[in-house]
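For reference, the structure discussed in these notes is given below.
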Amino acid sequence: MSRYWSAVVHGLTPYVPGEQPKMDNLVKLNTNEHPYGPSPKALEAIRAATSDALRLYPDPNADALKAALAKRYGLQPDQLFVGNGSDEVLAHAFMALLRHDRPLWFPDITYSFYPVYCGLYGIDHRMIALADDYSIRAEDYLPQGDDRPGAIIFPNPNAPTGRLMAIADVERIVAANADAVVLIDEAYVDFGGDSAIGLIDRHPNLLVVHTFSKSRSLAGLRVGFAAGHASLIEALERVKNSFNSYPLDRLAIAGAVASVEDETHFQESCRKVVATRDALVEQLTALGFEVLPSAANFIFARHPLRDGAELAAELRKRAIIVRHFKAPRIDQFLRITVGTDEQCAVLVDALEAILGR
Ligand SMILES: *Cc1c(COP(=O)(O)O)cnc(C)c1O
């Protein structure tokens, strides 16, 4: 606290990201990074962009990246917005599109950055409880008479549960709320879900946000994007151009374009993670864990006989880091990022030892 702070700062509750320990030889399964590296073509493009041209500002509109994304997703460039990680894209969306007199609706168990943005921008919100099986119930997001949202946001698959909503249910929510923006945060959709990007031509109130941090293995480069009707994109551009003209630097634009163009590497590396995930789910189930169905690159699991915090602490003693949330209803769960086959084998061996199996 300081008397020099702007008044709003006293009331902020910042997001706490998963730990990035400064230690080697850890089995790091706590922040949903991709276990395999980015496209070699992306690395090559970043090296090629590391030149004297860095004295020049980058393209403020990142047109090359919008063109590559437009081609990949069958969109027009004016249906795309790019930013410095999807967290920045989301922040601009909260400001530009989700701040209304009526409250913003989102699940009570979800990406914990959403309430943080609400605090930053003073957005009234309603947190809607997940079903007993930890799924998001589409019915809960349909307007009931005058009880309707100012806007809606949720991840699909949801985080930290990994549970996927069927695309037909997503469209039901979007169609029933034609007067409100519905933002689908598809950070994990490439690991087994159907994207809602295909719906944006039919629904001018739908915004879909993606990140390069998970499925494209470029968390360190900080690139994310939004797809939606051109008028939604214009609102994002207005906020962005009132905030920072150059969110993507030259290296990020070059690396992201090459990543989008390397479809083979993208498909192959996601397929490997999905295969490892399915094997890991079987192994943990055999150890007695209850594992929620996951369409993401992480799983959410609890053991009926062992406390979640205690399991996380025992794993940490063995240099294996997973994420544990001290929050109601989920404090018995571990969120475990799908690592390489080798990392998952180390995890399973450690859990066997801890459980005395
Ligand atoms: C990881 C994640 C993000 C943020 O991704 P960045 O692009 O790295 O900022 C956004 N939403 C959800 C649900 C995530 O899990």
Side-chain angles (χ1 to χ4, degrees), residues 14-20 28-35 38 42 62 65 69 80-94 98 104 106-118 120 127 130 134 136 152-165 170 182-193 195-197 207-227 236 240 243-244 247-249 252-253 255-256 259-260 270 273 277 292 294-300 322-323 325 327 330 333 335-338:
Y15 176 72
V16 183
E19 209 189 336
Q20 297 293 345
K28 187 176 177 304
L29 304 176
N30 67 329
T31 53
N32 298 344
E33 289 133 333
H34 201 296
L65 180 53
L69 288 167
L80 286 158
F81 176 83
V82 296
N84 185 243
S86 65
D87 284 338
E88 185 185 79
V89 176
L90 290 169
H92 290 340
F94 272 73
L98 307 184
L104 171 66
F106 54 82
D108 62 339
I109 296 170
T110 192
Y111 189 34
S112 48
F113 226 133
Y114 301 160
V116 174
Y117 294 132
C118 287
L120 178 61
M127 302 207 278
L130 295 184
Y134 295 91
I136 298 175
I152 293 172
I153 183 171
F154 61 89
N156 197 38
N158 195 16
T161 64
R163 290 205 70 140
L164 181 73
M165 181 186 289
V170 173
V182 178
L183 194 163
I184 311 294
D185 180 350
E186 294 189 337
Y188 301 103
V189 79
D190 298 322
F191 298 104
S195 175
I197 289 181
L207 191 76
V208 183
V209 172
H210 276 216
T211 176
F212 280 56
S213 299
K214 315 286 169 45
S215 57
R216 295 191 177 275
S217 194
L218 285 168
L221 201 64
R222 311 305 304 133
V223 182
F225 69 93
L236 295 171
K240 171 250 178 190
F243 180 83
N244 176 8
L248 290 194
D249 62 57
I253 294 170
S259 166
V260 173
C270 290
V273 170
R277 176 189 72 206
L292 299 188
S294 170
N297 69 336
F298 59 85
I299 59 168
F300 207 48
V322 300
R323 191 97 192 250
F325 299 91
I330 56 169
F333 282 88
R335 194 198 65 188
I336 305 170
T337 304
V338 177

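Just so we're clear, the structure is a prediction, and the values are computed from it rather than from any experiment. Quick note: residue numbers are just sequence positions, from 1. Every number for a ligand or one of its atoms is a count from 1 in the order of the listing.
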Nearest option to [atom], as decided by whichever heavy atom of [options] sits closest:
atom: atom 14 (C) of ligand 1; options: Glu33, Arg216, Glu186, Lys214; answer: Lys214
atom: atom 12 (C) of ligand 1; options: Leu218, Asp185, Asn297, Val89; answer: Asp185
atom: atom 10 (C) of ligand 1; options: Tyr111, Phe225, Phe113, Phe298; answer: Tyr111

Using ring pair (Phe, Tyr, Trp, His ring centres under 6.0 Å) as the criterion, list what pairs up with His210, not counting sequence neighbours.
Tyr73, Phe225
Quick test: of every protein heavy atom, which one is nearest to atom 15 (O) of ligand 1, and how far off is it to 0.1 Å?
Tyr188 OH, 2.6 Å
Note the single closest protein heavy atom to atom 9 (O) of ligand 1, along with its residue, its atom name and the distance in Å.
Arg222 NH2, 2.7 Å
Between the side chains of Tyr15 and Asp87, does any donor sit under 3.5 Å from an acceptor?
no
With a cut-off of 4.0 Å, which atoms of ligand 1 are near a heavy atom of Ser213?
6 (P), 7 (O), 8 (O)
Against heavy atoms of Ser86, which atoms of ligand 1 measure under 4.0 Å?
3 (C), 4 (C), 5 (O), 6 (P), 7 (O), 9 (O), 10 (C)
Which residues satisfy the side chain to side chain donor-acceptor pair (under 3.5 Å) test with Ser259, sequence neighbours excluded?
Arg216
Heavy-atom side-chain proximity of Tyr134 to Ile330 below 4.5 angstrom:
yes
With a 4.5 Å heavy-atom cut-off, do Pro160 and Arg323 have their side chains touching?
no
Whether Arg335 engages the ring of Phe298 as a cation-pi pair (distance to the six-membered ring centre under 6.0 angstrom, angle to the ring normal within 45°) should be assessed.
yes
